[in-house]
Amino acid sequence: MQILVTGGLGFIGSHTVVELIQSGYEPIIVDDLSNSEIFILERIEQITGKKVKFYPYDVTESENIKKIFNENKEIEACIHFAAKKAVGESMEIPLEYYRVNLLSLLTLLDEMKNYGIKNLVFSSSATVYGQPEKLPVNEDSPLQPALSSYGSTKQMAEDILEKVSATGWLNALALRYFNPVGAHKSSLIGELPKGIPSNLMPFITQTAIGIREKLTVFGGDYPTPDGTCVRDYIHVVDLAKAHVKACEYLKQKKQNFSYEVFNIGTGQGYSVLEIIKTFEKVNQQSVAYKIGDRRKGDIESIYASCEKANDILGWKAEETLDDMVVDAWNWEKKYRSERK
Ligand code: NAD
């Protein structure tokens, strides 16, 4: 089964391509390299021992999608990762976020319809929940008004998928990712943030390796056990495997057009300080940090109920927090040593 993977050289996309290949699928990658590096393609091939077809195209342009679908008649599903993803930046250049994140989805859907491709897995995010009233959060929990333009694009995208699938030609799954961290065990692929990382784990690893002087923990006075924010961190390889399960589910379900949402997390909340302490203990590596002011737009606490994904997709996260911090650190060290 051929699967088009948009954004397939990015952090989550590259790990998913590896898992797809290792499960017998034939992924085809389209990525405009706006937030990724071409060497990741060679690394994917190194890990899997397979050549991967790659198109360096922008997926907001329909001509590009048409060309891919014309040249690859066996594509049966698309996994749509390609998007801009920095919450803070999305408040500075909202138009660009709406343009890329929504136009890419609309263009892909238009051409999927034209070419009779019915199956889509979409990258949504836990940000759609805002600060839930009850934890853990499940798929029926009410969504809160988005605080960022990024979050708004994910809510709008889910809405689009629900309405379009209701017309009867589309089978769409929206996976609401919690906080993906870690890297492939080979340390050949991992997260590659451009500039100053806005996520915790790459900031920790960059501080530990000496690129950043000090990590600022945003807020130490939240009503959580140690005062810092709580999140549901998930190993990126577990997250990648959820996409394989999603594809299997879509494959078996060809006749029944629908839209479904799944939380993809571990069900376990960890505070920022717990992550730093675990990183230090497991890797025997100190991280300079200080407690700073709260960051605008951050919620205090969220973690997932993943029962629906467990029951329906037959998927469950397996990697521990120790695995996550070890793999993230090994990737950072290997990547930096090669750049010297
Ligand atoms: P990433 O930036 O590493 O990967 C996205 C990839 O898409 C990049 O390789 C980029 O070059 C490519 N891309 C962007 N715009 C494109 C375009 N117009 N045409 C073709 N390619 C384009 O991000 P990621 O962390 O792998 O995230 C993947 C998806 O998951 C995104 O939709 C993101 O919003 C979502 N998500 C990410 C997180 C997270 O914390 N990483 C959490 C929740 C949801």
Side-chain angles (χ1 to χ4, degrees), residues 4-18 28-41 43-44 54-65 67-68 78-90 96-108 111 120-129 146 148-158 161 174-184 189-195 197-203 231-237 239-240 242-243 261-265 302 304 324 328:
L4 181 64
V5 183
T6 77
L9 292 186
F11 175 42
I12 307 167
S14 57
H15 290 81
T16 301
V17 167
V18 167
I28 294 164
I29 298 175
V30 55
D31 193 307
D32 68 355
L33 298 167
S34 56
N35 199 35
S36 52
E37 307 256 357
I38 191 65
F39 80 84
I40 294 292
L41 182 63
R43 298 289 181 88
I44 292 171
F54 169 62
Y55 292 88
Y57 294 166
D58 181 344
V59 291
T60 62
E61 291 181 23
S62 57
E63 289 315 306
N64 292 338
I65 309 271
K67 187 165 186 295
I68 298 170
C78 300
I79 306 181
H80 185 41
F81 292 107
K84 296 184 78 66
K85 66 162 180 178
V87 173
E89 186 189 57
S90 83
E96 187 59 4
Y97 272 68
Y98 287 109
R99 192 187 70 76
V100 174
N101 293 9
L102 296 178
L103 197 53
S104 63
L105 177 65
L106 295 174
T107 309
L108 185 65
E111 297 312 328
L120 178 72
V121 181
F122 175 72
S123 300
S124 190
S125 165
T127 52
V128 299
Y129 292 116
S148 68
S149 313
Y150 169 74
S152 163
T153 68
K154 293 297 180 191
Q155 289 189 344
M156 290 164 95
E158 285 196 5
L161 292 176
L175 305 187
R176 291 178 179 159
Y177 311 155
F178 280 68
N179 288 59
V181 295
H184 195 263
I189 56 174
E191 193 167 1
L192 273 178
K194 284 200 171 151
S198 52
N199 289 342
L200 177 63
M201 192 63 79
F203 213 114
R231 296 288 180 272
D232 185 336
Y233 294 90
I234 173 169
H235 197 293
V236 66
V237 173
L239 177 55
H243 293 79
V261 175
F262 292 95
N263 282 348
I264 306 292
I302 189 166
M324 300 181 211

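Just follow the structure's listing: the first ligand is 1, and inside any ligand the first atom is 1.
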Please list the nearest protein heavy atom to atom 37 (C) of ligand 1 with its residue and the distance rounded to 0.1 Å.
Ile12 CD1, 3.7 Å

Atoms of ligand 1, numbered as shown, that sit under 4.0 Å from any heavy atom of Ser124
43 (C), 44 (C)

Regarding Tyr150 and Glu89, is there a side-chain donor-to-acceptor distance under 3.5 Å anywhere?
no

Taking 4.0 Å as the limit for heavy-atom contacts, which would you say applies to Lys154 with ligand 1: side chain only, backbone only, both, or neither?
side chain

Report the nearest protein non-hydrogen atom to atom 21 (N) of ligand 1: residue, atom name, distance rounded to 0.1 Å.
Asp32 N, 3.1 Å

Phe178 side chain near Ile302 side chain, heavy-atom distance below 4.5 Å
yes

Indicate, with yes or no, if the rings of His15 and Phe81 have centres closer together than 6.0 Å.
no

Residue portion contacting ligand 1 (non-hydrogen atoms closer than 4.0 Å) for Thr6:
neither

May I ask which of Tyr150, Phe11, Phe81 has a heavy atom nearer to atom 35 (C) of ligand 1 than the others do?
Tyr150

Is the side chain of Lys194 donor-acceptor paired with the backbone N or O of Ser34 at a distance under 3.5 Å, no angle test?
yes

Any non-hydrogen atom of Leu33 lying under 4.0 Å from ligand 1?
yes

Do any nitrogen or oxygen atoms of Val59 lie less than 3.5 angstrom from nitrogen or oxygen atoms of ligand 1?
yes

Within the side chain of Gln155, is there an N or O that forms a donor-acceptor pair under 3.5 Å with the backbone of Val128?
yes

Distance filter under 4.0 Å to Asp58 heavy atoms, resulting ligand 1 atoms:
17 (C), 18 (N), 19 (N)

Can you check whether Arg176 reaches Glu158 side chain to side chain, under 4.5 Å on heavy atoms?
yes

Where is the nearest protein heavy atom to atom 24 (P) of ligand 1: which residue, which atom, and how far?
Lys85 NZ, 3.7 Å

Proximal ligand 1 atoms for Gly7, defined as those under 4.0 Å from one of its heavy atoms:
6 (C), 7 (O), 12 (C)

Got a donor-acceptor contact below 3.5 angstrom from the Lys154 side chain to the Ser123 backbone?
yes

Student check: side-chain heavy atoms of Asn64 and Tyr55 closer than 4.5 Å
no

Give a yes/no on ligand 1: does Pro180 have at least one heavy atom closer than 4.0 angstrom to it?
yes

Heavy-atom nearest option to atom 20 (C) of ligand 1, drawn from Tyr57, Phe178, Tyr177
Tyr57

